[in-house]
Amino acid sequence: MSCYFNRTLVLHKMSFPSHSLSISATIAANAVPLATPETDPVPLQFSVLRKIESCRSIQEIKQFHALVIKSRPLQTQFVYNAIMRGVTSFRTRCGSSLEAILLYREMLMKGLVPNDYTIPFLLKACAQEYALREGEEVHVHAIKTGLLGSNVYVNNTLMRVYAVCGVIGAAQKLFDKSPQRDLVSWTTLIQGYVKTGSPREAVEVFFRMCEANFVADEMTLVIVLSACAMLGDLSLGKRIYRYMHENEVKRDVFVGNALVDMFLKCGDADLARWVFSEMPVKNVVSWNSMILGLAQQGKFKEALVVYEEMQTLGIRPDDVTLVGVLNSCANLGLLESGKWVHVYIDKHMINADGFIGNALVDMYSKCGSISQALRVFQGMKRRDVYSYTAIIVGLAMHGEAAHALEIFSDMSLVGIRPDEVTLLGVLSACSHAGLADEGQRHFEDMSRVYGLEPQTEHYACMVDLLGRAGLLSDAEEFIKNMPTEPDAFVWGALLGACRVHGKVELGELAMKKLVEIEPERDGAYILMSNMYSSADRWRDALKLRKFMKEKHVKKTPGCSSIELDGIVHEFRKGEKSHPKSKEVCRFLEEFTSHLKSFGQQDKIAFA
DNA sequence: TTAGGGTTAG
């Protein structure tokens, strides 16, 4: 009794920031005498729980809550906890954090005190809604009531609030101070590091957990596997896989999906396929993991084969599946298949905003139908930075620089901040349109206006922009002043510009640098050899080809594909396997000679 | 009556 009295007394003395939800103000204004904590009769507890569990919607819980407000004997700690449990287990549109906080305030006003069940319910709601400020308030209450530190559920749920809100330092601090830790504490900390983009640290925590003699269960492993996936570290992934065998971890559908995703992100499609085929139970996420994972590995055709298999089995795709299919169509240039997905989306009245809308814009623009991409973009009710970037990049690819820049300026009007990829689209639009000054201005704006750090891709784009505009010495100077080491894309851009403007000496320097970075690739040699030929330096061209042969430089065959009536026709340099390859070659010869008569031979050679 | 899990775009 005295213990509870002391606790409530402390609650009265607490001060909260003025912007808070004013739990403390409610307590201060509380005129109702504080009740002693009573234990409800067991039959009442059972009937309350049965009632809450029978509720099928948040409205029904609210109706029960109304009944409690009217009936004084029902106003007990147990009943409020039960309502809070009901509220937090429903995913409400209005947000369960607010509902739970309101219930908590009401509870305090009725003179009831929180216990070790109340706080976890409240904190669960805060974590679900990413309500950091409210979580911090509850943190204070948990300290003042003495529940923090004495109850592992309170500690773990509080850690989770900080972890999901990205305040990993606070979560780690709580963990370090916890007098008792269980598997959930470790798992929550590991997940905190994963969610805040630190998979390396997450894995380190996992190994520390093993040293502390905890054995991971399937929930911990799903998170650890996702950390391996983020790291793309196959040997680490295999090590975790062995751990699962050694410790006989249950392989449920979550673990299976996490394994498939991990193996694909680590580049081992065969292992992923094997795990996938061995899964006794698959769900739509399993199929999505395969389709998206294969697409992320650039295996677009394989991704579509998996999708066909899914269709054959009659499994209904969801939004994520369609995004993966659209992405594969986009990268293969399969306009007809992409259109089919669009029809499917319309037919099933799937909301074409967000991920789906953005994937459609990207698919249409990559498949050459920029007008349709624009139509989808304009028809979207909600547009985000991805939507804007997709259309800007698409317009830039189609040479419509002015339109791309116009849409870019619309972004600031509607209050959407561009990111690094948007700027890449803007710079490439400027580059293709020969707008060197405007491109330079946007490049400078990156850090000055948008607070974005230019990456090596942006530098490569600028070199391309200056090079195309014929400002070769500016491009060279630009590379010299780069804060980071120039990569193959930067030197490749310079070499390309040298090829166009016939700058052989500078081209030789770019080639030398490129060969240092990528000795096994043939691109630089081919470009340089073409450059020598154009400058009538046949001997140098021959010498370079001979050198390539001696060094066994692999030749990447040029490849192009075209979709006709839903069938993809592929053509590789030097390969005559296509049934109509003779006719195609004959047509190309005629076409080339026709173009040459218009003086376009240089462009053909370059292409 | 309480806590921790997988796939999505430019």
Side-chain angles (χ1 to χ4, degrees), chain A residues 40 45-46 48-49 52-53 77-86 88-89 115-124 127 147 151-161 163-164 182-192 194 216-226 229 252-262 264-265 283-293 295-296 318-327 330 354-363 365-366 373 377 384-394 396-397 418-425:
Chain A
D40 298 355
Q45 293 191 1
F46 271 123
V48 167
L49 282 181
I52 295 282
E53 272 159 15
Q77 190 189 53
F78 183 92
V79 172
Y80 271 96
N81 282 351
I83 302 173
M84 227 181 260
R85 173 183 177 246
T88 52
S89 58
N115 70 355
D116 47 355
Y117 288 88
T118 323
I119 301 287
F121 284 137
L122 256 179
L123 289 171
K124 184 187 176 185
L147 291 165
N151 182 285
V152 71
Y153 284 83
V154 174
N155 270 54
N156 290 347
T157 44
L158 189 57
M159 263 178 66
R160 182 163 163 74
V161 172
V164 302
D182 61 9
L183 189 57
V184 179
S185 324
W186 285 97
T187 308
T188 307
L189 187 65
I190 294 170
Q191 199 199 24
V194 171
D217 66 4
E218 60 271 25
M219 288 204 195
T220 316
L221 274 160
V222 164
I223 300 163
V224 176
L225 288 169
S226 78
D252 64 11
V253 70
F254 284 84
V255 175
N257 294 348
L259 275 171
V260 167
D261 178 60
M262 181 275 290
L264 278 164
K265 291 218 173 96
N283 61 13
V284 71
V285 179
S286 325
W287 290 92
N288 292 350
S289 299
M290 273 308 283
I291 293 168
L292 291 152
Q296 275 161 3
D318 69 1
D319 292 21
V320 182
T321 326
L322 298 177
V323 167
V325 174
L326 282 171
N327 182 257
F355 279 95
I356 290 265
N358 298 342
L360 275 172
V361 170
D362 183 51
M363 182 277 292
S365 69
K366 283 212 176 89
F377 176 78
D384 57 16
V385 62
Y386 291 94
S387 334
Y388 277 92
T389 306
I391 199 69
I392 288 169
V393 169
M397 268 189 324
D419 67 10
E420 286 86 352
V421 190
T422 324
L423 263 300
L424 212 51

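The sequence lines fix the lettering, A, B, ..., with proteins before strands; numbering per chain opens at 1. Owing to the predicted nature of the structure, the values given are computational and were not obtained by experimental measurement.
- Every residue two or more places apart in sequence or in another chain that forms a side chain to side chain donor-acceptor pair (under 3.5 Å) with A/Thr220 is listed here: A/Thr187, A/Asp217.
- With hydrogens and angles ignored, no donor-acceptor pair under 3.5 angstrom links the side chain of A/Thr188 to the base of B/dG4.
- Inter-residue side-chain proximity for A/Leu49 and A/Phe78 is flagged as met; some heavy-atom pair is nearer than 4.5 Å.
- Nearest nucleotide to the A/Met219 side chain, out of B/dG5, B/dT7, B/dA3: B/dG5.
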Handout entry: Worked verdict on A/Ser185 versus A/Leu189 for side-chain contact (heavy atoms from CB on, under 4.5 Å)
Key = CA-CA 6 Å; A/Ser185 324; A/Leu189 187 65; over 6 Å; no
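- At the heavy-atom level, A/Asp362 lies under 4.0 Å from the strands shown only through sugar-phosphate atoms.
- Among the protein residues, A/Asp419 comes within range of the nucleic acid bases, having at least one heavy atom under 4.0 Å from a base atom.
- For the contact set between residues 318-326 of chain A and DNA chain B, defined by any heavy atom under 4.0 Å, the members are A/Val320, A/Val323.
- Contact annotation: the side chain of A/Val253 approaches that of A/Ser286 to within less than 4.5 Å [non-hydrogen atoms, C-beta and beyond].
- In this structure, A/Tyr386 packs face-to-face on the six-membered ring of B/dA9, meeting both the 5.5 Å centre cutoff and the 30° plane limit.
- Candidate nucleotides B/dT7, B/dG4, B/dT2 were compared by shortest atom distance to the side chain of A/Ser289, and B/dT7 ranks first.
- The distance from atom CG of A/Leu122 to atom C1' of B/dA3 is 14 Å, rounded to the nearest whole Å.
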Handout entry: Check against side-chain contact (heavy atoms from CB on, under 4.5 Å), A/Arg160 and A/Leu123
Key = CA-CA 8 Å; A/Arg160 182 163 163 74; A/Leu123 289 171; over 6 Å; no
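- Looking at the side chain of A/Asn156, the nearest of the listed nucleotides B/dA9, B/dA3, B/dT1 is B/dA3.
- Nearest to the side chain of A/Asp384, among B/dA9, B/dG4, B/dT2, sits B/dA9.
- In this structure, the CG atom of A/Leu259 is 12 Å from the P atom of B/dT7, given to the nearest Å.
- Applying the salt bridge (Lys or Arg N to Asp or Glu O under 4.0 Å) criterion to A/Glu53, with sequence neighbours excluded, gives A/Arg85.
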Handout entry: Test side-chain contact (heavy atoms from CB on, under 4.5 Å) applied to A/Leu326 and A/Asp362, step by step
Key = CA-CA 8 Å; A/Leu326 282 171; A/Asp362 183 51; over 6 Å; no
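- Considering only side-chain atoms of A/Ile223, the nucleotide from B/dT8, B/dG5, B/dT2 that sits closest is B/dG5.
- Relative to the side chain of A/Leu292, the nucleotides B/dG10, B/dG4, B/dT8 differ in distance, and B/dT8 lies closest.
- Of the candidates B/dT7, B/dT2, B/dG5, the closest approach to any side-chain atom of A/Asn288 belongs to B/dT7.
- With rounding to whole Å, A/Asp217 atom CG is found 12 Å from B/dA3 atom C1'.
- With rounding to whole Å, A/Leu225 atom CG is found 15 Å from B/dG4 atom C1'.
- At the heavy-atom level, A/Val385 lies under 4.0 Å from base atoms of the strands shown.
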Handout entry: Trace of the side-chain contact (heavy atoms from CB on, under 4.5 Å) decision for A/Asn358 with A/Asp384
Key = CA-CA 9 Å; A/Asn358 298 342; A/Asp384 57 16; 3.3 Å; yes
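- Distance, A/Leu123 CG to B/dT1 P: 20 Å, rounded to whole Å.
- Comparing B/dT2, B/dA9, B/dG5 by their nearest atom to the side chain of A/Asn358 picks out B/dA9.
- Here the P atom of nucleotide B/dG5 and the CG atom of A/Leu183 are 12 Å apart, to the nearest Å.
- The listed nucleotides are B/dG10, B/dT2, B/dG4; the one nearest the side chain of A/Asn327 is B/dG10.
- The distance from atom CE of A/Met363 to atom C1' of B/dG10 is 15 Å, rounded to the nearest whole Å.
- One finds no side-chain N or O of A/Arg160 lying less than 4.0 angstrom from the OP1 or OP2 phosphate oxygen of B/dA3.
- Ranking B/dG5, B/dT1, B/dG10 by closeness to the A/Arg85 side chain, first place goes to B/dT1.
- The shortest distance between the side-chain N/O atoms of A/Gln296 and the OP1/OP2 oxygens of B/dT8 is below 4.0 Å.
- Nucleic acid contact class of A/Val255 (heavy atoms, under 4.0 Å, all strands): base.
- The shortest distance between the side-chain N/O atoms of A/Lys366 and the OP1/OP2 oxygens of B/dA9 is not below 4.0 Å.
- The nearest pair of heavy atoms linking A/Ala163 to A/Gly192 is CB-CA, 3.6 Å.
- Within the 4.0 angstrom heavy-atom criterion, base atoms lie near A/Thr220.
- Straight-line distance from the CG atom of A/Asp182 to the P atom of B/dT2: 15 Å, rounded to whole Å.
- One finds no side-chain N or O of A/Asn115 lying less than 4.0 angstrom from the OP1 or OP2 phosphate oxygen of B/dT1.
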